[in-house]
Amino acid sequence: MTKIIFHIDVNSAYLSWSAVYSLQHGGALDYRTVPSVVGGNEENRHGIVLAKSIPAKKYRIMTGESLASARKKCPNLLVIPPDYKYFMKSSNSMMRLIYEYSPIIQRYSIDESFVDMSHYKDNYMEIAMELSNRIKKELGFTVNIGISENKLLAKMGSELEKPDKVHRLFKTDLPIKLWPLPVRNLFFVGRKTEEKLNSRGIYTIGDLANCEREYIKNWLKKPCEQIWEFANCIENSNVKDYKSPVKSMGNSTTIAFDVDSRDEAEKVILGLCEMVGMRLREANFRGYVIAISIKDSELVSYRRQKKLDAPTCNTNTIFYCAMLLFDELWNKKALRQISVRMSDLVDNFSYQFTMFQAYDEKAERLDRAIDDIRKIHGNGAIHRACFLDSRISPVIGGVMEDEEYIMMSSEL
DNA sequence: TCTGGGGTCCTAGGACCC
DNA sequence: TCTGGGGTCCTAGGACCC
């Protein structure tokens, strides 16, 4: 039986949601009608474009670009700060609405989802229009809906023309609608892969599709074999209406100033370890592998990781190991960004404690007591003395504790 | 383009084992 | 020590997604 999959994608999500919020709170200007972007704080060196309006797009402003560069392209650009809590709320409202139409939803990111609509037989177009209109009317923003028999084509379909469009894209449309497009438009073809493909005369999705599979595979290895399959529309994964198990947890931060002393780097790392440890404990995970990565002021990154003998979720252990790695890694150049990540996770229930493995029950109880205080009174309620009079925050990282933040899976 | 923060997966090379 | 072959594990780096 042929499946019917919808891919629903909010148009300029962060920007649209910010516009709706502003209008609902008495704002007179609809940000979507002027050149505007949602962007981070430039003073803290978080100044990049997170989302752009369609008028801003006309100035060739790109997501991920620095705000300074965006302003050069459009001097009177309106820059709106992000409000992630509100974005989550908007996303959740949309999800509730979609659930009225199908229980099989894969929330792919904060603003994208795949929905299995196979139970609608011939009237799926009307359903798509109804859903799109309801989101517009009830929630105030527009979406693109791509419809197809698999997730890949649904996603490609929703990207064909924006905004506020419903687009069908079936396998039979492949040669006409998809193959003439630049190969870069294909899911999983990024800048590097595009360059490689171009270097051998492959410019369109059709060029790639018509290559020999073995040729691509031998040349560019496994990831590109999948890209070849995508170009030929070979993709049949199900809409996953469950959470795939998390593989790693980490936090990173770009510091507002260059860090050139070990002492300050240590505080940043401690702040990050506090967050990573808290998140691990909250999820009842421990990790075997701890990784630290740094980016210097010239934007060059280095990484170092180490596998532990026993998995841990203890803040002090993570911090201690992170510092060992940091001291091996750091070449004394001023640092712009630091990150700490734990991977090779095991959950507390399946992990067997044995008397031979180091396990500090007292330390864990202390960690959890601090977690509880922070959950009730906020992260600032309790912190280590070394952060007194420091310009570095005692708990660093962007994942919200209570609101469950939507994570990407980066695969279909 | 003075470039954030959260992830996932793959590959190559080295160490080590038999 | 002019040195095989298969396998596993670990680490560093890179590419991609939103």
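Reckoned from all heavy atoms, side chains included, excluding hydrogens, waters and symmetry mates. Sequence lines set the chain letters: A, B, ... in the order given, protein chains first and strands last, and positions in each chain run from 1.
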Give one of base, sugar-phosphate or nothing for [X], where a contact means two heavy atoms less than 4.0 Å apart.
X        : value
A/Thr63  : nothing
A/Glu298 : nothing
A/Gly40  : nothing
A/Lys73  : nothing

Do [Y] and [X] meet the salt-bridge criterion of a basic N to acidic O distance under 4.0 Å?
X        : Y        : value
A/Lys52  : A/Glu65  : no
A/Glu364 : A/Arg281 : no
A/Asp258 : A/Arg45  : yes
A/Asp327 : A/Arg262 : yes
A/Asp263 : A/Lys267 : yes
A/Arg71  : A/Glu42  : yes

Sorted by number, the residues of residues 206-228 of chain A with heavy-atom contact under 4.0 Å to DNA chain B: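 When residues 206-228 of chain A is checked for heavy atoms under 4.0 Å from DNA chain B, the hits, listed by number, are A/Lys221, A/Lys222, A/Pro223.
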Those residues of residues 327-339 of chain A lying under 4.0 Å from DNA chain B by at least one heavy atom: A/Arg336, A/Gln337
In terms of relative ring orientation, are [X] and [Y] parallel, tilted or perpendicular, with 30° and 60° separating the classes?
X        : Y        : value
A/Phe114 : A/His7   : tilted
A/Trp219 : A/Tyr215 : tilted
A/Trp17  : A/Tyr14  : tilted

Any [X] side-chain N or O less than 4.0 Å from OP1/OP2 of [N]:
X        : N     : result
A/Lys295 : B/dG4 : yes
A/Asn251 : B/dG5 : no
A/Thr254 : B/dT3 : no
A/Thr253 : B/dG4 : no
A/Ser252 : B/dG6 : yes

For atom [atom1] of [X] and atom [atom2] of [N], their distance in whole Å:
X        : N      : atom1 : atom2 : value
A/Met62  : C/dC18 : CE    : C1'   : 16 Å
A/Glu112 : C/dC16 : CD    : P     : 17 Å
A/Trp17  : C/dC18 : CH2   : C1'   : 11 Å
A/Lys52  : C/dC18 : NZ    : P     : 12 Å
A/Arg107 : C/dC18 : CZ    : C1'   : 14 Å
A/Leu67  : B/dC2  : CG    : C1'   : 12 Å
A/Tyr84  : C/dC18 : OH    : P     : 16 Å
A/Phe87  : B/dG4  : CZ    : C1'   : 14 Å

Return the polar atom pairs (N/O with N/O) between nucleotides 13-15 of chain B and the protein under 3.5 Å, or none.
none

Residue met sooner reading DNA chain B from 5', once A/Leu299 and A/Pro245 are mapped to nucleotides: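 By nearest-heavy-atom nucleotide position, the 5'-most residue is A/Leu299.
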What's the separation between atom [atom1] in [X] and atom [atom2] in [Y], rounded to the nearest 0.5 Å?
X        : Y        : atom1 : atom2 : answer
A/Lys3   : A/Asn150 : NZ    : CG    : 8.0 Å
A/Ile392 : A/Cys386 : CD1   : SG    : 9.0 Å
A/Leu169 : A/Leu153 : CG    : CG    : 5.0 Å

Short side-chain donor-acceptor distance under 3.5 Å, A/Thr142 and A/Asn11: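 Yes, side-chain donor-acceptor contact under 3.5 Å.
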Side-chain H-bond candidate by donor/acceptor type, A/Ser91 with A/Arg107, under 3.5 Å: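 Looking only at side-chain atoms, A/Arg107 and A/Ser91 do form a donor-acceptor pair, the distance falling under 3.5 Å.
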Check: A/Glu266 side chain, A/Met323 main-chain N or O, donor-acceptor pair, under 3.5 Å: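 No: the side chain of A/Glu266 does not pair with the backbone of A/Met323.
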Partners meeting salt bridge (charged side-chain N to carboxylate O under 4.0 Å, His left out) with A/Asp116 (sequence neighbours left out):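 A/Asp116 satisfies salt bridge (charged side-chain N to carboxylate O under 4.0 Å, His left out) with no residue once adjacent residues are dropped.
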Tabulated below should be each protein N or O lying under 3.5 Å from an N or O of nucleotides 7-11 of chain C; please produce it.
residue: C/dC10; atom: OP1; partner: A/Lys307; partner atom: NZ; Å: 3.4
residue: C/dC10; atom: OP2; partner: A/Lys307; partner atom: NZ; Å: 3.4
residue: C/dT11; atom: OP1; partner: A/Lys307; partner atom: N; Å: 3.2
residue: C/dT11; atom: OP2; partner: A/Lys307; partner atom: N; Å: 3.3

A/Ser18 vs A/Phe87 side-chain heavy atoms within contact, under 4.5 Å: yes
Side-chain heavy-atom pair A/Ile80, A/Ser36 within 4.5 angstrom cut-off: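 Sidechains of A/Ser36 and A/Ile80: in contact.
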Identified stems (criterion: three or more consecutive Watson-Crick or G-U pairs, under 3.5 Å), DNA chain B: B:5-18 with C:5-18
Side chain of A/Arg341 - closest among B/dG6, B/dG5, B/dT3: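 When the side chain of A/Arg341 is considered, B/dG6 is the closest of B/dG6, B/dG5, B/dT3.
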Euclidean distance for C1', B/dC16 against C/dG4 (whole angstrom): 16 Å
